[in-house]
There are 2 protein chains.
Amino acid sequence: MAGVSTATVTRALSTPEVVRPDTRERVREVAASLGYHPNRAARGLITGRTGNLGLLVPDLANPFFPSIVKGVQARAHEADHAVFLADTDEDVAAEAGLVRKLAKQVDGMVLCSPRMAEPELRKLSAEVPTVLVYRRIPGVPSVTAEFLDGMRQAVNHLVALGHKEIAYVAGPRSSWANRERVRSLRAVTRKAGVELAEMGNVAPQFHGGVSVADRVLAAKVTAVIAYNDLVALGLLHRFAARGVAVPGDVSVLGFDDIPLAEMVHPALTTVALPKEEAGQAGVDLLLRLLDGHQEVRRELPTQLMVRGSTGPAR
Amino acid sequence: MAGVSTATVTRALSTPEVVRPDTRERVREVAASLGYHPNRAARGLITGRTGNLGLLVPDLANPFFPSIVKGVQARAHEADHAVFLADTDEDVAAEAGLVRKLAKQVDGMVLCSPRMAEPELRKLSAEVPTVLVYRRIPGVPSVTAEFLDGMRQAVNHLVALGHKEIAYVAGPRSSWANRERVRSLRAVTRKAGVELAEMGNVAPQFHGGVSVADRVLAAKVTAVIAYNDLVALGLLHRFAARGVAVPGDVSVLGFDDIPLAEMVHPALTTVALPKEEAGQAGVDLLLRLLDGHQEVRRELPTQLMVRGSTGPAR
DNA sequence: TCGCTCCATGAAAAGGTTTACACTGATCGT
DNA sequence: ACGATCAGTGTAAACCTTTTCATGGAGCGA
């Protein structure tokens with residue numbers, strides 16, 4: 001319709017600088033008037049790039065993840081990539097299979113804090129360009145946050161309030177994030193001369209916090225740090241039911257800063273992890289990886305959000 | 001490698017019954033040992049089916065939607081389809097564009113309560129097979145819930161508790177769901193002889209509830225039904241801050257039954273809408289639509305969840 | 001034994017792009 | 001005025017499947 005060959009059409013659209021300006025404009029106008037867009041499947045066939053990214057999350061119902069998905073989504077669309085989403089429903093066994101299935105149709109994958117074992121994950125990352133979000137494995141590009149610094153802020157805050165004995169409610173043993181948090185917390189409390197009572201491991205969910213709340217009280221601590229906000233909310237819930245005042249009797253501190261943290265009463269003091277930013281950074285790293293660059297790792301800052309659930313020690 | 005042509009390979013894998021059993025097995029073994037899987041893009045080129053579905057949600061940060069996404073996701077994977085996710089960030093203007101971009105790469109789209117204007121939506125559904133979730137438009141397949149019945153349960157519950165004057169905090173004017181809820185609520189309250197005070201419209205979010213809470217109190221009602229749970233939680237938050245007892249002074253009732261509803265104190269009484277089920281049903285309808293069946297509409301049941309935020313009228 | 005049917009398989013086209021290569025005409029230097 | 005260069009464009013192959021059509025051989029009835 002523009003009186004040119006298909007080759008010129010393709011050039012006018014994807015490498016505009018090589019066609020004469022008037023031809024280019026004509027082609028583009030006709031394309032627009034026809035609503036023509038190149039078929040991505042056909043293009044992928046020859047370029048080897050699909051323009052699609054895969055994103056894997058363990059459980060979208062955990063409010064931590066939707067924010068990450070949003071970040072990935074937004075950044076990917078900016079870069080004109082579409083996003084395949086897979087939710088494993090915390091099914092570790094299914095994870096690898098899902099990734100492999102998706103791998104065929106994408107240029108690369110963003111894996112969001114998978115529980116998968118390290119060797120498996122490493123193998124996967126050799127098969128398909130992969131970026132890890134909130135998990136770190138040597139040699140695999142990853143986005144994480146400064147857990148150590150976050151913990152330091154949290155503990156310093158509690159110390160400043162006069163707390164000397166702190167409980168930590170641990171998350172799943174197989175979770176990398178939990179191991180990191182424990183490690184950071186031990187280091188920080190040792191340095192601060194604070195006594196640390198570890199308990200758990202609980203499921204990283206509301207009911208996990210509910211189930212461990214009574215043990216926390218029995219430990220006679222004046223403050224408790226939870227693996228994440230959901231667990232902290234579970235603690236708050238059970239404390240309220242037992243008539244334990246927060247922060248009067250015990251201070252509660254979470255991790256993640258999910259939206260709910262602000263909505264409950266008392267609002268939850270928590271260490272905010274970058275979520276949308278992490279998703280965006282994940283996509284950035286992945287796209288750069290696809291372009292041959294080899295940026296290995298990015299570590300984002302954390303920020304203590306002081307709200308109502310922490311106060312002076314009893 | 002199996003000593004057969006590509007044609008036989010494709011047959012052995014996709015229409016096994018037409019090749020001789022021994023050939024079939026040989027091909028399959030070789031395929032497995034090579035880790036061969038047909039390239040979906042190339043297949044799509046000729047079959048016209050991509051095996052991909054598109055899913056559009058207005059805001060993944062609204063806890064109502066992740067559940068739906070999970071449902072869509074799960075059902076799609078069962079049917080061996082992958083899911084493209086798009087989050088419009090409540091940007092109505094971008095919605096149609098996003099859908100059109102995605103439309104090229106998918107067999108069909110599940111549109112989750114889009115704000116888009118009806119004519120636009122109708123046009124879109126002519127361009128690409130479409131199923132609407134939580135929105136109904138004549139002639140377009142859709143999945144909704146029995147709002148009227150849900151409202152009846154809610155109002156009957158309040159009436160049984162002795163409430164005679166009820167406020168409704170409306171959601172966005174452009175939202176179909178809001179219009180439905182208002183319509184149902186008016187019908188039900190009229191029949192029950194209950195006085196209805198409507199206020200709003202507010203954003204369907206926590207801060208929407210916070211911002212309207214004082215007006216609700218000023219209206220001197222004994223119970224309030226919120227557009228959705230987030231708004232209800234906003235109300236609870238502000239009531240708590242003002243020292244208004246729930247349900248002592250005022251009963252609060254939400255809509256949706258998002259996970260948070262159970263986690264706050266007092267736990268929120270709410271009308272549960274099927275979420276995962278709606279997502280699954282959406283995929284079911286879409287797949288059936290793609291097979292030429294024309295199931296037009298599905299309406300799922302709702303269920304009042306009585307929790308702590310409602311009690312006898314003051 | 002002949003001809004027919006039917007089953008299993010192969011050859012080739014088709015699907016919508018991109019890209020290597022070839023070609024044309026104009027510009028430039030001499 | 002001639003050849004070389006270069007910009008702009010077209011031709012055709014390639015990407016990886018699926019599917020239509022053709023082919024060959026076996027089985028069967030007469």
Side-chain angles (χ1 to χ4, degrees), chain A residues 1-52 80-82 100-108 127-128 290-292, chain B residues 1-52 80-82 84 100-108 127-129 290-292:
Chain A
M1 280 201 51
V4 296
S5 71
T6 61
T8 302
V9 173
T10 208
R11 282 189 280 252
L13 298 176
S14 50
T15 37
E17 65 278 9
V18 306
V19 317
R20 243 183 29 219
D22 57 335
T23 320
R24 185 202 313 156
E25 283 319 307
R26 190 153 32 92
V27 171
R28 293 193 144 175
E29 275 164 29
V30 174
S33 77
L34 262 48
Y36 169 84
H37 291 276
N39 177 320
R40 295 188 90 137
R43 165 185 293 176
L45 212 49
I46 184 149
T47 60
R49 292 272 294 249
T50 61
N52 297 332
D80 206 30
H81 282 242
R100 290 217 166 76
K101 228 174 78 179
L102 233 44
K104 309 279 165 185
Q105 331 189 43
V106 302
D107 296 338
E127 293 173 29
V128 52
L290 293 174
D291 281 347
Chain B
M1 280 201 50
V4 296
S5 70
T6 61
T8 302
V9 173
T10 206
R11 281 189 281 252
L13 297 176
S14 49
T15 38
E17 64 278 7
V18 306
V19 319
R20 241 181 33 216
D22 57 335
T23 320
R24 184 203 312 156
E25 283 320 306
R26 190 154 29 95
V27 171
R28 293 193 143 175
E29 275 164 29
V30 173
S33 78
L34 262 49
Y36 169 84
H37 292 276
N39 177 321
R40 294 187 90 134
R43 165 184 292 175
L45 210 50
I46 184 150
T47 60
R49 291 273 295 251
T50 61
N52 297 331
D80 206 31
H81 282 243
F84 278 116
R100 290 216 166 75
K101 227 175 78 180
L102 233 43
K104 309 280 166 185
Q105 332 188 43
V106 302
D107 296 337
E127 293 173 30
V128 52
L290 293 175
D291 282 345

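Protein chains get the first letters and strands the later ones, always in sequence-line order, with residue 1 at the start of each. Note: hydrogens, waters and symmetry copies are ignored here, and every other heavy atom, side chains too, is used.
- The minimum heavy-atom distance between Val128(A) and Gly108(A), with the atom names listed, is CG2-CA, 4.1 Å.
- Checked by atom type and distance alone, the side chain of Thr50(B) pairs as donor or acceptor with a backbone atom of Gln105(B) at under 3.5 Å.
- In this entry the distance linking CG of Leu45(B) with P of dA14(D) reads 17 Å, nearest Å.
- Scanning all heavy atoms of the two residues, the minimum distance from Val27(A) to Ala12(A) falls at CG1-CB, 3.7 Å.
- Applying the salt bridge (charged side-chain N to carboxylate O under 4.0 Å, His left out) test to Glu29(A) and every residue at least two apart in sequence or in another chain returns nothing.
- Using a 4.0 Å cut-off on heavy atoms, none of the residues of residues 19-27 of chain B approach DNA chain D.
- Take Thr47(A) and apply the side-chain contact (heavy atoms from CB on, under 4.5 Å) test, not counting sequence neighbours, and it matches Arg43(A), Arg49(A).
- Between Thr8(B) and dG10(C) there is a side-chain N or O to OP1 or OP2 distance below 4.0 Å.
- The separation between Lys104(B) atom NZ and dG16(C) atom P is 12 Å, rounded to whole Å.
- For Ser5(B), the side-chain contact (heavy atoms from CB on, under 4.5 Å) partners two or more places apart in sequence, or in a different chain, are Ala7(B), Thr8(B).
- Asn52(B) is linked by a side chain to side chain donor-acceptor pair (under 3.5 Å) to nothing, counting only residues two or more places apart in sequence or in another chain.
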List the atom pairs, donor and acceptor, that lie under 3.5 Å between side-chain atoms in residues 34-41 of chain B and the rest of the protein, sequence neighbours left out.
from, atom 1, to, atom 2, distance (Å)
Asn39(B), OD1, Ala41(B), N, 2.7
Asn39(B), OD1, Ala42(B), N, 3.0
Arg40(B), NH2, Asp80(B), O, 3.1

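- Nearest heavy-atom pair across Val4(B) and Thr23(B) is CG1-CG2, 3.8 Å.
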Practice prompt. Let me have a per-nucleotide readout for nucleotides 20-26 of chain D, 5' to 3', with B, S or -, counting only protein heavy atoms under 4.0 Å.
Written response: B------
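- Looking at residues 33-43 of chain A, you'll see that no heavy atom sits under 4.0 Å from any atom of DNA chain D.
- Sequence neighbours left out, the pairs with a member in residues 11-28 of chain A that pass salt bridge (charged side-chain N to carboxylate O under 4.0 Å, His left out) are Arg20(A)-Asp22(A).
- Val9(B) comes within contact range of no nucleotide atom at all, as no heavy-atom separation falls under 4.0 Å.
- In this view, Ser14(A) and Thr10(A) satisfy the side-chain contact (heavy atoms from CB on, under 4.5 Å) rule, not counting sequence neighbours.
- Across the protein-nucleic acid pair, Ile46(B) atom CD1 and dT17(C) atom C1' stand 15 Å apart, rounded to whole Å.
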